[in-house]
K.L.:
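Sharing a structure with you now.
Note that these values count all heavy atoms, side chains included, but never hydrogens, waters or copies made by symmetry. Each chain gets a letter, A, B and so on, in the order the sequences are listed, and its residues count up from 1. What you see is a predicted model; the values in this text were computed from it and never measured.
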Amino acid sequence: MLSIKDLSVAVDAKQILKGLSLDVPAGEVHAIMGPNGAGKSTLGYALAGRPNYQIKSGSVTFNGEDLFEKDVHERAAAGLYLSFQYPLEIPGVPALTFLRTALNAQKKLRGEDEISAPDFLKRVRELAKTLKIDMDMLKRPLNVGFSGGEKKRMEVLQMALLEPKFLILDETDSGLDIDALKVVSDGVNALRAPDRGMLVITHYQRLLDHIKPDRVHVLVAGRIVRSGGPELALELEAHGYDQYLGEAA
Amino acid sequence: MTLSALDIFDPSSYPTRRDEEWKYSDLSRVLREAPKKPLVVRTLSELDSEPDGFVYFSADEAGFDGLQAAADHAMQKGHGRLYIDGNDFGDEDGYLGYQGHGEINVAAGQALVVFEDYTGAFDYAVHSHLRFKLGDGAKLTRVVILDEPETAVSVRQSTVETAPDSVFKQYVFSTGAKFQRFETHVRHAGHGAIVEMNGAYLVKDKRHFDLTTRVSHGEINGVTDQTIKGLVKDSATAVFQGRIIVEKGADGTDARMRHQALILNDGAHIRAKPELEIYADDVQCAHGNTIGALDEDAMFFAMSRGIPEEAARAMLTHAFVLPVADAIEDDVLRETVLNFLENVSEDFYAV
């Protein structure tokens with residue numbers, strides 16, 4: 001579903017990813033773990049198309065299409081969703097307006113009918129209830145004044161609403177207390193499906209207790225240095241990343 | 001210079017760049033000679049009521065005679081809303097000049113909402129001076145839309161005198177003109193009085209907009225809050241001169257000023273001069289002034305959710321000035337201003 005080959009990415013002339021290769025088939029959840037500065041967030045941003053992230057070499061195909069041929073919003077419409085580690089505040093734009101604009105923009109690009117206001121509100125209301133989000137909060141400008149946990153719940157609400165084919169979760173567990181982590185993880189798990197892939201970027205094993213991965217990859221200094229099953233996450237938790245730092249250098 | 005010193009028909013009274021407060025808005029350069037006086041003498045309009053509960057007052061050609069009677073009528077009718085409709089039509093051959101003065105007193109305990117809607121066409125030079133006076137506990141909300149043509153020279157000045165426990169709220173929305181200055185001087189009475197001086201400007205092409213405000217706190221325990229948001233593009237110029245003076249003895253003053261603007265392309269200018277002059281000891285004052293470009297991180301965030309670049313830019317640009325309009329309490333006026341901004345901001349979409 002998502003196939004990354006020999007990807008090298010520079011940010012502000014600094015090489016961050018150095019020949020990263022990775023395949024995530026449909027229906028699987030892969031975790032990327034690694035120390036600070038390894039390039040975990042860079043991978044997410046590069047896939048989503050953040051400006052100033054320069055693709056030096058390599059290729060990414062998403063459902064058989066060249067991902068880098070597409071603009072940022074086209075990647076979203078094609079089904080790629082990046083959940084931000086620090087979701088941005090959008091002053092002056094009520095969350096509901098933002099959500100409906102995004103959903104209809106994607107539908108329009110895919111040649112689908114736009115969702116009507118009543119259908120949209122019904123759907124949002126259901127999702128908000130599941131995610132324990134107050135409808136009043138959705139009338140406020142998106143993420144403005146929201147707590148860390150509220151912002152992450154909003155991220156999950158957006159992914160559930162937009163129904164992307166592939167999710168990249170960038171440090172989704174950061175800033176969450178135990179209860180919020182459970183709500184967010186349940187929301188993500190509800191989206192697991194045979195036709196949907198996920199890439200879970202995290203520092204810690206903790207999130208993977210809730211969102212169980214099929215494969216775990218260790219990212220150090222811009223490269224995948226080891227891949228394995230779920231047990232690899234436990235091993236990393238016990239022994240740390242030190243053993244890989246020497247190898248990468 | 002004092003506000004009343006300007007006479008649009010007397011070029012020797014025009015301020016120049018040598019006058020510090022007019023440094024960035026040089027009227028004498030734009031208006032090189034006195035404008036022509038109109039030939040037709042305007043007739044006073046009948047007081048009328050609009051469906052939304054406004055008393056209608058025509059202020060065409062800067063005619064403000066009878067303004068107090070209209071305001072009294074509005075307050076007595078119970079709705080307390082006055083619609084001042086100013087249309088200025090000029091010539092295509094040199095400026096036609098209009099000048100007028102008006103006064104509104106809001107007596108103790110009374111409340112009035114004033115909506116001023118100024119528009120026009122062709123070449124005209126207008127100067128107006130309105131005086132507002134509030135009694136103890138009175139409340140005056142002033143919502144102003146300046147929707148003037150790019151050929152107009154417009155200087156609209158006002159002085160406001162508040163009283164203890166009174167509330168004065170001003171919201172100004174402007175697209176500028178060839179030369180446009182909106183100036184408000186407030187004498188703050190303190191003793192629980194609240195003053196809000198808000199506004200938003202969206203200025204493009206070669207337009208010039210100058211928003212100058214002065215709030216003087218002479219007494220204890222006065223509150224002033226000011227939020228100004230602005231957008232400039234093309235080769236437009238916006239000037240913001242906000243001055244809050246806290247005189248000696250005006251302890252307990254709480255004054256806050258914010259000016260936030262976006263320059264949407266190189267070539268557009270903003271001259272901002274926020275000033276706090278504090279001569280009292282026990283006060284809380286703050287001012288912030290930020291001028292920059294659209295937040296590219298927010299742009300990326302919106303685009304990553306599927307919103308195309310142009311639409312994202314439009315949404316975020318529009319959203320930048322909206323909070324000022326959202327704060328208007330009167331439902332009808334809030335909707336009116338939001339519609340105005342919606343129409344105007346369409347031109348600010350593309351870079």
Side-chain angles (χ1 to χ4, degrees), chain A residues 44-53 70-95 97-110 112 139-144 151 154-155 157-159 161-164 167-168 170, chain B residues 171 173 198-202 227-231 258-262 288 290 292-328 334-335 337-342 344-346 348-349 351:
Chain A
Y45 285 141
L47 293 174
R50 187 171 184 152
N52 302 328
Y53 281 60
K70 294 179 188 292
D71 285 340
V72 178
H73 71 283
E74 291 168 342
R75 296 180 198 191
L80 189 73
Y81 183 97
L82 170 66
S83 176
F84 282 53
Q85 181 177 4
Y86 304 107
L88 272 290
E89 296 188 356
I90 310 288
V93 183
T97 306
F98 183 91
L99 293 175
R100 186 151 179 246
T101 304
L103 181 59
N104 280 334
Q106 289 200 14
K107 282 180 172 292
K108 193 177 166 195
L109 203 61
R110 292 194 294 256
E112 299 167 8
K139 291 172 187 159
R140 285 163 40 197
L142 181 64
N143 292 335
V144 177
K151 286 179 183 173
M154 278 302 304
E155 289 287 283
L157 185 141
Q158 287 171 70
M159 55 181 96
L161 183 72
L162 297 172
E163 298 181 302
L167 293 169
I168 304 165
D170 187 5
Chain B
Y171 302 87
F173 302 90
N198 305 309
Y201 55 84
L202 300 91
T227 301
I228 306 295
K229 297 243 189 182
L231 304 172
R258 281 170 299 274
H259 174 241
Q260 299 169 325
L262 297 181
T290 52
L294 209 54
D295 181 351
E296 290 303 319
D297 289 341
M299 276 288 293
F300 171 63
F301 182 76
M303 286 158 66
S304 81
R305 299 291 143 93
I307 303 173
E309 179 169 358
E310 203 173 310
R313 199 171 289 283
M315 183 179 76
L316 294 180
T317 307
H318 186 50
F320 184 78
V321 296
L322 278 192
V324 178
D326 270 332
I328 298 172
R334 188 176 55 250
E335 284 307 311
V337 170
L338 287 173
N339 284 337
F340 171 70
L341 293 177
E342 183 89 39
V344 170
S345 69
E346 276 179 21
F348 283 78
Y349 279 19
V351 176

K.L.:
Using side-chain heavy atoms (C-beta onward) and a distance below 4.5 Å, is Val93(A) in contact with Leu142(A)?
P.N.:
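The answer is no; the side chains never approach within 4.5 Å.
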K.L.:
Among Pro164(A), Ala76(A), Pro51(A), Pro87(A), who wins on heavy-atom pairs under 4.5 Å with chain B?
P.N.:
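The answer is Ala76(A).
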K.L.:
The criterion is ring-ring contact (aromatic ring centres under 6.0 Å, His included); which residues satisfy it with Phe173(B), sequence neighbours excluded?
P.N.:
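With neighbours one apart ignored, the set is empty.
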K.L.:
Of all of Ala78(A), Ala77(A), Gly49(A), which one pairs up most often with chain B through heavy atoms under 4.5 Å apart?
P.N.:
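Most pairs with chain B among the choices: Gly49(A).
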K.L.:
Which side chain or backbone donor-acceptor pairs connect chain B with chain A at less than 3.5 Å?
P.N.:
residue, atom, partner, partner atom, Å
Asp297(B), OD1, Arg50(A), NH2, 2.6
Arg305(B), O, Gln106(A), NE2, 3.0
Arg305(B), NH1, Tyr81(A), OH, 3.0
Arg305(B), NH1, Glu155(A), OE2, 2.9
Arg305(B), NH1, Gln158(A), OE1, 2.8
Arg305(B), NH2, Leu82(A), O, 2.6
Arg305(B), NH2, Glu155(A), OE1, 2.9

K.L.:
Give me the ring orientation class for Phe300(B) and Phe84(A): parallel if the planes are under 30° apart, tilted from 30 to 60°, perpendicular past 60°.
P.N.:
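Geometry flag for Phe84(A) against Phe300(B): tilted rings.
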K.L.:
Are the side chains of Leu103(A) and Leu162(A) in contact, using a 4.5 Å heavy-atom criterion?
P.N.:
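Yes, their side chains come closer than 4.5 Å.
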K.L.:
With only heavy atoms counted, which part of Leu316(B) is less than 4.5 Å from chain A, the side chain, the backbone, both or neither?
P.N.:
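Interface part for Leu316(B): side chain.
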K.L.:
What pair of heavy atoms forms the shortest contact from Leu82(A) to Gly44(A), and how long is it?
P.N.:
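Shortest heavy-atom separation between Leu82(A) and Gly44(A) comes out as CD2-O, 3.9 Å.
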K.L.:
Of the non-hydrogen atoms in Leu338(B) and Ala325(B), which two are nearest, and what is the gap between them?
P.N.:
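Looking at all heavy atoms of both residues, the shortest contact is CD2-CB, 3.7 Å.
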K.L.:
Given a strict heavy-atom distance threshold of 4.5 Å, which part of Ala312(B) is in contact with chain A: side chain, backbone, both, or neither?
P.N.:
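Contact with chain A involves no heavy atom of Ala312(B) at all.
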K.L.:
Of the non-hydrogen atoms in Pro141(A) and Gly92(A), which two are nearest, and what is the gap between them?
P.N.:
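Heavy atoms only, the tightest pair is CB-N, 3.7 Å.
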K.L.:
Are any non-hydrogen side-chain atoms of Val337(B) and Tyr171(B) less than 4.5 angstrom apart?
P.N.:
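In short, these two side chains do not touch, never coming nearer than 4.5 Å.
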